[in-house]
Every structure is written in structure tokens, then in C-alpha cells.
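First the proteins, then the strands, lettered A, B, ... as listed; each starts at 1. As the structure is a prediction and not an experimental result, all values here were calculated from the model.
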Protein chains: 2
Amino acid sequence: MAKGGNDSKDPLPGGGWQAPWKELFEGCSSEALNMIARAKSDGRKVRAGQEIFGPGRRPGGVCLLDDGWVSLYSLLPDGRRQILHFALPGAVLDFGPVLRANAAYGAQALTDAVVSLLPQEALDGLSRSHPEVGLRLAQVMSSDRSLSYDHLTSVGRRSARERVAHLLLELFVRARAQWPCHRVAELNLPLTQAHIGEATALTGVHVNRVLRELRNDGIVGFHYRRLTILDPDRLIDVSGIDPQLAVGWGKPDAIDE
Amino acid sequence: MAKGGNDSKDPLPGGGWQAPWKELFEGCSSEALNMIARAKSDGRKVRAGQEIFGPGRRPGGVCLLDDGWVSLYSLLPDGRRQILHFALPGAVLDFGPVLRANAAYGAQALTDAVVSLLPQEALDGLSRSHPEVGLRLAQVMSSDRSLSYDHLTSVGRRSARERVAHLLLELFVRARAQWPCHRVAELNLPLTQAHIGEATALTGVHVNRVLRELRNDGIVGFHYRRLTILDPDRLIDVSGIDPQLAVGWGKPDAIDE
DNA sequence: CGACCTATTGAAGGCGTTCAAGTCCAGTGG
DNA sequence: CCACTGGACTTGAACGCCTTCAATAGGTCG
């Protein structure tokens with residue numbers, strides 16, 4: 001298993017590792033899960049930094065992230081780069097059959113990662129015999145859409161300080177939901193400040209300045225890939241999240257217990 | 001039928017009007033379409049400017065846009081507003097069952113509009129008897145995700161000039177795909193410059209300046225809700241779209257024939 | 001004709017960028 | 001153990017795109 005967001009990679013003491021794609025298809029019948037297990041390709045191992053698929057090149061089928069961190073990004077002709085999403089295990093990196101192939105994005109591994117492919121035909125057959133699979137995928141895609149809307153709001157309307165705070169909080173909450181064993185307010189993120197800049201549409205230089213401020217203010221620290229939540233309440237405040245909504249977000253009110 | 005993006009609202013001379021949600025479920029069996037027609041609520045009429053659902057308030061089920069233009073937007077606690085998407089007839093405004101309710105967005109009618117609701121239970125049953133429906137919805141949600149990624153790239157990395165050009169081109173292409181009867185390089189958009197600003201994360205004032213530039217340069221004009229493509233090739237160029245990708249986008253190379 | 005929204009244009013200011021030095025840290029090989 | 005090396009981080013100063021504030025013109029509908 002690749003180096004994930006936390007230190008002990010094995011939540012289940014018995015060594016049993018819950019395959020992330022089973023969480024993805026949570027709620028589907030065990031028979032369906034078996035069919036998926038048979039239909040999906042064996043995990044392709046990718047080294048940290050490697051490209052999984054390039055902008056424009058679509059793998060044929062549903063591309064699943066089995067392990068590791070991956071960034072989805074888009075590239076403008078002149079080289080400008082925008083990180084669209086930090087994908088965690090269980091994410092759908094690409095959903096093959098696109099209607100009008102408008103946006104073309106690529107996927108790059110941030111850590112050593114494992115990806116697998118569920119071919120188009122397999123998905124069609126699977127969906128016929130187990131209809132809940134298709135609906136579940138629609139839910140997941142809808143959830144991704146919402147998260148993307150959230151990023152768009154951040155990049156469009158929030159200040160640099162708010163953007164960085166918001167991203168760190170989001171990553172913290174998502175990573176903790178993925179690996180719930182750790183309760184401490186610390187986390188290893190496989191990111192550089194430049195990555196944060198590419199995701200928030202800021203320069204690495206400015207991200208650095210903002211991080212210094214946030215650390216000096218005792219809100220959140222990020223030093224050499226280690227994230228530390230110093231003051232959860234003020235972090236939520238700075239992030240510009242409606243406190244009411246923070247609950248649905250998985251408000252980290254118990255992170256330092 | 002509400003005032004749409006073009007002047008003659010009735011593409012089919014016989015008066016037959018293809019219900020947009022049938023395009024949404026394109027590829028599904030006619031039996032499935034009949035079931036959908038029965039299950040979905042009668043279209044609720046909404047006046048221009050009215051709110052369809054507010055940020056946070058989710059309608060229970062799949063919310064479909066039957067007619068008119070609608071903007072999806074998010075609202076920050078202090079009132080800052082970001083338009084996330086301009087929805088056209090056939091769009092899924094909201095896909096009820098969300099996993100982790102992260103982003104909360106609202107929907108507001110730009111023109112008089114008609115929306116209907118496909119209740120959760122109906123969707124579950126429908127998906128069981130007609131599995132292609134779930135998969136189709138997953139495709140549509142995935143396509144929405146891609147489009148949102150495209151907007152994120154625009155707001156994050158493109159200059160004001162590029163952003164405005166890109167948005168106008170996108171709206172032109174999407175509207176023309178929706179109402180293919182018109183071949184002229186003109187289109188009525190039910191938008192103000194302030195709307196364009198809220199979508200591109202610019203002030204209305206600056207949008208105005210950019211529009212003047214683009215008009216003076218003979219690239220694209222937008223005056224009192226009427227969009228005119230003056231130079232398609234240079235518009236594509238300014239938009240910062242990879243020309244190769246513009247093809248998949250539905251390159252408007254025949255707009256002035 | 002008057003009220004109101006939308007569009008237009010100018011001037012000043014700010015947030016983040018760009019450019020350019022540095023410093024810190026981990027890994028490598030002597 | 002220590003010098004060497006390269007990537008990531010840090011900090012300062014000047015610049016620029018876009019914002020903000022403010023005032024005017026234009027178009028539409030009662």
C-alpha cells in the first residue's frame with residue numbers, strides 16, 4: 001500500500017485492508033461487488049510523480065484509484081496549470097463515456113499509487129444485472145460535481161488567505177474520513193506549497209506568505225508536508241464556510257480529544 | 001415555452017416540441033421514458049428572477065429543468081456570490097441524494113422557467129426496472145463534472161479577456177447545440193454584464209471594459225443581451241482553448257454560412 | 001415623462017504577481 | 001563525520017491586473 005495521508009496505513013489490526021473501491025460501491029449487493037472484482041483490471045502500479053493519463057487521453061472505461069494520492073489537473077496551451085481535484089483512494093479518476101468531450105484533464109500520481117480500469121462493456125453488463133451500480137455511480141459523480149463547485153467558489157470569490165485555509169480544511173476532513181483511525185489534529189499531506197498554489201490559483205510564493213500568516217496567527221500550520229490544525233474554530237471561520245454547513249462537512253470538533 | 005436563447009422557440013415546424021428531459025435520457029428505452037413521464041411531477045412554473053431552490057435547501061429527488069435558463073450559484077456568508085453554471089433545458093439542477101453534503105448551492109431562474117422533480121423512490125424503482133437510466137444519469141453527472149472543471153480552469157488560470165471570451169463561446173456552442181435550427185452567428189443570451197461577472201469572477205465594471213475591447217478588436221460583441229460572434233477563429237484563439245480540443249467542443253466553423 | 005435598471009467611462013488603490021536573492025533540509029558520496 | 005547537491009521553502013521590493021468608488025449616459029416600462 002502506498003504512503004497515504006496518515007502514518008499507520010492499516011486501520012484494521014488483523015491486516016485486513018478494506019479495498020477502497022468497495023467503499024465507492026457502498027450499498028451495492030455483495031454479488032455486484034464480486035462481479036466488479038472480477039471485471040476490473042488488476043491494479044496498475046504508478047510511481048510518485050508519474051502521469052496516469054494525460055490531458056485529452058481518456059482511458060476507455062471507468063478509471064478507479066485503488067491506492068495513493070492523485071491530482072487531476074488541466075493544462076492550457078501555454079503551460080499554465082490548474083489542479084482540479086486531489087483524489088483519494090476510492091475516487092473515480094475518469095468516467096469513460098463522455099457526451100461532449102469538453103474539458104480534457106490529466107491525472108498525475110502524488111504518491112506511489114495503484115489504479116485500475118473497469119471497461120465500458122463490463123460496466124454496461126454489470127449495470128444491467130445490478131442496477132444499483134449505475135445509480136451509485138451517478139451519486140458519486142454528483143458528489144464530485146458539488147465538490148468542484150465548491151472549488152470554483154473558492155477560486156472565484158475567496159481571498160488568498162481564505163482559499164488556502166479552505167483547501168487545508170477540506171483535505172483534512174476528507175483524509176480523516178478516509179482514515180478515521182487517527183484523532184490527532186495532524187496529518188501528512190503529500191503536497192508541496194507549489195501544489196497548493198496550483199490548486200488555489202495562487203503562486204507558490206504567495207502561498208508561502210499566507211501559510212506564514214496562518215501559522216503566526218495560530219490557526220493552521222503546514223511545514224514540510226505535515227499539516228497541523230492549531231485552532232479548528234478559527235480555521236472554519238477563516239475558511240469562510242457557513243458554520244451551519246460545516247456540520248454537514250464533518251465539522252472537526254473532536255479532533256483534539 | 002419560456003423565452004429561450006433564440007428567437008423562434010419552435011424548432012419543429014409541426015408544433016411538436018421535443019421535451020428536453022427526453023434528450024437528457026437519450027438512449028434509454030421508450031418504456032423507461034414513459035415511466036419517467038409518469039413519475040415526474042408536473043412542471044412547476046417559475047418566473048424570471050425567482051429562486052428555484054435556495055443554497056442548502058435541497059429538493060428531495062432529481063430536479064430537472066424542463067424549460068428556460070437557470071443559474072446555479074453559491075453564496076458566501078458575507079454575500080459574495082459565484083455563478084457555477086448556466087443551465088439549459090434538459091439539465092439536472094440537483095441530484096438529490098448527496099453523500100457528504102459539502103457544497104450547498106442555489107438555483108435561480110434567469111428567464112421564465114419550468115422545473116420538475118423526479119422523486120427519490122421513483123428513481124430507485126425506475127433504475128431497477130430500467131438499468132440504463134442510472135448509468136445514463138452517471139454519464140450526465142460526469143459530463144457536468146467536466147464542465148465544472150473547465151470553469152475552474154478558466155477562473156483560476158485565464159486572464160479577464162480570456163475568461164469572458166471563453167464563457168461567451170461556451171454559451172454560444174451549448175445554446176446552438178440545444179437549438180440547432182439557427183445558423184447565424186447571433187444569439188440572445190438572457191444575461192446582464194453583471195451575470196457574466198459573477199460567472200467569471202470579475203466585477204461588472206471590468207466585464208464591461210473587456211467587452212468593449214473584444215468588440216473593438218472585432219472578435220465578439222455582446223450588447224443588450226444580444227451576442228454576436230464576429231470572428232470565430234480569433235475567438236477560439238483568445239479563449240485559450242486548445243484548437244484540437246475545440247473540435248470535440250463543437251467547433252463553430254459553420255456559423256456564418 | 002419619470003423611475004429604475006443596465007451600461008459606460010474615469011481615477012485611485014490594493015491584492016497578488018513577478019523577479020531575485022537567499023535559507024533550510026534530506027540524501028549522496030567521500 | 002562532513003562537504004556537496006538539488007529541491008523546497010523563505011523573504012524583500014517593484015509592478016500590474018483588476019477592484020473600488022463615483023459619476024454619467026442609455027434604454028425600457030409604468
Quick one: which protein N/O atoms are closer than 3.5 Å to N/O atoms of nucleotides 12-15 of chain D? Pair and distance per line, please.
from, atom 1, to, atom 2, distance (Å)
D:dG12, N7, A:R209, NH1, 3.2
D:dA13, N6, A:R209, NH2, 3.3

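- Within the helix from C:dC1-D:dG30 to C:dG30-D:dC1, the inter-axis angle between the opening and closing five-pair segments is 40°, rounded to 10°.
- Under the 4.5 Å side-chain criterion, counting only non-hydrogen atoms from C-beta, B:I196 is in contact with B:F222.
- To the nearest 0.5 angstrom, B:L171 atom CG is 14.0 Å from B:R176 atom CZ.
- Taking 4.5 Å as the limit, every side-chain heavy atom of B:Y73 sits out of range of all side-chain heavy atoms of B:H195.
- For D:dC18, neither phosphate oxygen OP1 nor OP2 lies less than 4.0 angstrom from any side-chain nitrogen or oxygen of B:T203.
- In this structure, CZ of A:R157 is placed 11 Å from C1' of D:dT19, rounded to the nearest angstrom.
- A:F86 contributes atom CZ, which lies 11.5 Å from atom CG of A:L147 (distance to the nearest 0.5 angstrom).
- At least one donor-acceptor pair under 3.5 Å links the side chain of B:R234 to the backbone N or O of B:D217.
- No donor-acceptor contact under 3.5 angstrom links the side chains of B:S154 and B:H151, judged on distance only.
- Not one side-chain nitrogen or oxygen of A:T192 sits closer than 4.0 Å to the OP1 or OP2 atom of D:dA8.
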Task: side-chain contact (heavy atoms from CB on, under 4.5 Å) evaluation trace for B:D112 with B:K45 - done: CA-CA 7 Å; B:D112 290 350; B:K45 287 184 168 62; over 6 Å; no

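- Here the P atom of nucleotide C:dG16 and the CG atom of B:L202 are 15 Å apart, to the nearest Å.
- Computed from coordinates, the B:R226 CZ to C:dA7 P distance equals 15 Å when rounded to whole Å.
- If you take CG of A:N208 and P of C:dG22, they are 17 Å apart, rounded to a whole angstrom.
- Distance CZ/B:R209 to CG/B:L202: 11.5 Å, rounded to 0.5 Å.
- The CG-P distance, from B:L214 to C:dT8, rounds to 13 Å in whole Å.
- Between A:E162 atom CD and C:dC15 atom C1' there is a gap of 13 Å when expressed in whole angstrom units.
- Dense packing is recorded around CG of A:N216, with more than 12 heavy atoms of other residues, nucleotides or ligands lying under 6.0 Å away.
- Electrostatic pairing of A:R161 and A:D237 does not count as a salt bridge here, judged by no charged N lying under 4.0 Å from a carboxylate O.
- In this structure, A:R161 atom CZ and C:dG14 atom C1' are separated by 17 Å, rounded to whole Å.
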Task: Contact state string [nucleotides 24-30 of chain D, B base, S sugar-phosphate only, - no protein heavy atom under 4.0 Å] - done: ---S---

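- Distance check: B:N188 CG to B:E186 CD gives 8.5 Å after rounding to the nearest 0.5 Å.
- With values rounded to the nearest 0.5 angstrom, B:R157 atom CZ is found 12.0 Å from B:E162 atom CD.
- When the C1' atom of C:dT6 is taken as reference, atom CG of B:L189 falls 16 Å away, rounded to whole Å.
- A sub-4.0 Å separation between OP1 or OP2 of C:dC25 and a side-chain N or O of A:H223 is absent.
- Residue B:Q193 is the one, among B:Q193 and A:H206, whose nearest nucleotide of DNA chain C lies closer to the 5' end (criterion: closest heavy atom).
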